[in-house]
Amino acid sequence: MVILSEWLAAQLDKESAEPAYRQLLQLMQQAILTGRLAPGTKLPSSRTLAGDLGVARNTVLHVYDQLSAEGYVISTTGSGTYVADTRPDSAAVSTVAPAAAPADEEDDASGASRRGDMSMRGQRLIDEAGVSAKQWGAFMPGVPDVAEFPARTWSRLQARLWKSANHGLLTYAPGGGYRPLRRALSDYLRVARSVRCTPDQIIITTGIHQSIDLAVRLLADVGDRAWVEEPCYWGARSVLQSSGLKLTPIPVDDEGLNPREQDLRDPPRIALVTPSHQYPLGMVMSLARRRTLLEYARQHNVWIIEDDYDSEFRYGSRPLASLQGLDESDRVIYVGSLGKLLFPGLRIGYMVVPERLAATFRTGVAELYREGQLMQQAVLAEFIMDGYLTSHVRRMRTLYGERRQLLIDAVTRHFGDALPVMGDEAGLHFVLGLPEHADDRAVATAAYDAGVIVRPLAAYYSGRQDRKGLLTGYACVPHEEIAPAFATLAQVIEEHAFARPEKLRRAG
Ligand SMILES: Cc1ncc(COP(=O)(O)O)c(C=O)c1O
């Protein structure tokens with residue numbers, strides 16, 4: 001015991017900001033786990049140890065209590081405190097041979113062995129991740145102007161609701177989300193997006209990512225095939241892929257999804273499409289293609305996931321009707337989000353599912369994600385019912401329309417018609433085409449270094465990239481910042497996208 005007290009006294013740092021109680025507890029736990037204190041060893045009395053260490057007796061008593069509560073020691077009244085036997089049960093541990101280290105295991109910078117730690121799908125998710133470190137600034141695509149969000153209105157509604165907060169708003173959500181919000185959304189979607197639904201068919205989620213995840217878990221099995229548009233949103237691709245689906249990229253043309261003969265011969269379980277505004281290129285799926293896809297889905301039991309992420313912002317004409325509204329066979333799962341209409345960090349989205357699946361999805365969402373955030377949902381419901389959503393969207397459509405025009409003017413001023421602008425009729429971004437030989441990833445990286453965020457089209461392709469370009473967002477850039485930020489981008493483009501053939505010519 002003398003040895004224990006000596007060892008503890010040598011380790012204890014009385015000058016440290018860490019209280020003596022915490023230090024002593026950690027030291028004794030370490031001594032027991034490493035075997036320095038063997039099972040069965042009797043600990044000195046609290047009075048003796050406190051005296052040896054020069055700490056209050058109460059400190060030692062607290063340490064012994066905690067060690068006893070966590071199972072490190074056993075205290076018997078009258079007979080003292082003994083180290084418990086917590087050595088791993090060797091019979092249980094050695095039942096099967098230990099896993100062999102993978103042959104090509106290698107350590108990454110953090111010291112974790114890559115192949116050993118990660119699943120194959122986890123590793124792929126990380127290797128192909130598209131998420132950006134910056135989420136704000138010129139010309140971040142897909143981000144609305146959060147500075148324009150009517151925060152005071154929101155906080156007034158929220159303050160009022162908190163005054164009457166009760167279990168109905170503060171517990172887990174009943175499957176499917178806050179009922180008045182589902183009613184408000186079904187009214188909104190019927191009018192604004194021609195979606196055919198009742199409040200029962202609406203499931204509130206944390207956004208499109210979660211909606212797709214839920215649909216895949218409930219409707220597909222690992223190994224099933226999913227069609228995705230080529231190019232498509234990397235986030236949706238990641239969700240499908242990491243759920244164990246096999247992805248088939250399907251080409252798109254001016255009329256949207258355009259499956260080839262070989263694609264049609266092998267019907268997928270899921271087809272994920274953006275018919276109202278193809279992401280990222282911006283075309284609209286023609287009525288003929290919509291009808292063909294719906295009929296194909298009916299015949300082959302394909303689930304169509306319609307991602308309707310930003311269709312409210314259409315500048316030349318009224319927003320186009322949803323694919324779901326045309327579906328007579330209940331094959332469409334419609335998913336949308338408030339992220340682009342209000343602000344991305346809100347994390348409230350919704351899905352509209354066929355009536356016969358509504359109860360299944362309500363149970364599924366509650367079972368998998370244990371949803372909550374009813375207070376936020378209640379605020380949103382009031383926000384919609386009081387007409388603020390419609391007026392905010394109307395105001396933002398005008399604002400974003402002006403910014404879009406300013407950015408197009410800046411492109412034309414710098415490049416004439418040398419660089420095409422694609423998919424600018426709707427949404428929060430357009431694609432600025434680059435010359436065929438350009439490396440759009442390199443241009444985006446150089447732009448980032450110069451302080452301008454754009455995304456390379458390359459990031460959205462999983463196969464051969466048939467055009468080069470940059471996703472350029474205008475919605476979150478104040479009018480007066482558009483021209484100077486584009487001047488920076490234009491310089492980067494001139495240096496990186498036009499320079500190569502010059503060099504090649506010289507080299508040749
Ligand atoms: C096509 C598309 N779908 C979905 C999302 C993300 O939706 P959410 O934020 O609701 O998960 C994005 C975000 O940029 C997107 O571009």
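Ligands are counted one by one from 1 in listed order, and the atoms in each one are counted from 1 as well. Fair warning: this is a prediction, and the values are worked out from it, not measured in the lab.
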Taking the six-membered ring where the residue is Trp, are the ring centres of H392 and F343 under 6.0 Å apart? no

Could you tell me the residue and atom name of the protein heavy atom closest to atom 5 (C) of ligand 1, and the distance to it rounded to 0.1 Å? Y233 CE2, 3.4 Å

Counting the benzene-type ring for Trp, do H429 and Y279 have ring centres under 6.0 Å apart? yes

Is G142 in contact with ligand 1, taking contact as a heavy-atom separation below 4.0 Å? no

What are the atoms of ligand 1, with element, lying closer than 4.0 Å to any heavy atom of D307? 1 (C), 2 (C), 3 (N), 4 (C)

Using the side chain to side chain donor-acceptor pair (under 3.5 Å) rule, take D266 and Q262 through it: C-alpha gap first, then chi angles, then the decisive distance, then the call. CA-CA 7 Å; D266 186 8; Q262 77 255 30; over 6 Å; no

Looking at ligand 1, is there an atom of it that comes within less than 4.0 Å of some heavy atom belonging to S337? yes

Which atoms from ligand 1 have a heavy atom of Y309 less than 4.0 Å away? 1 (C), 2 (C), 3 (N)

If you measure from each heavy atom of K340 to ligand 1, is any distance below 4.0 Å? yes

Under 4.0 Å between a Lys/Arg side-chain N and an Asp/Glu carboxylate O for R190 and D187? yes

Show which atoms of ligand 1 fall inside a sub-4.0 Å distance from at least one heavy-atom site of R347. 8 (P), 9 (O), 10 (O), 11 (O)

Would you check, one step at a time, whether the test side chain to side chain donor-acceptor pair (under 3.5 Å) holds for D466 with Y461? CA-CA 9 Å; D466 58 5; Y461 282 85; 2.8 Å; yes

Distance alone, cut at 3.5 Å: any donor-acceptor contact between the side chains of Y334 and D327? no

How does I208 reach ligand 1, if at all, at less than 4.0 Å between non-hydrogen atoms: by side chain, backbone, both, or neither? both

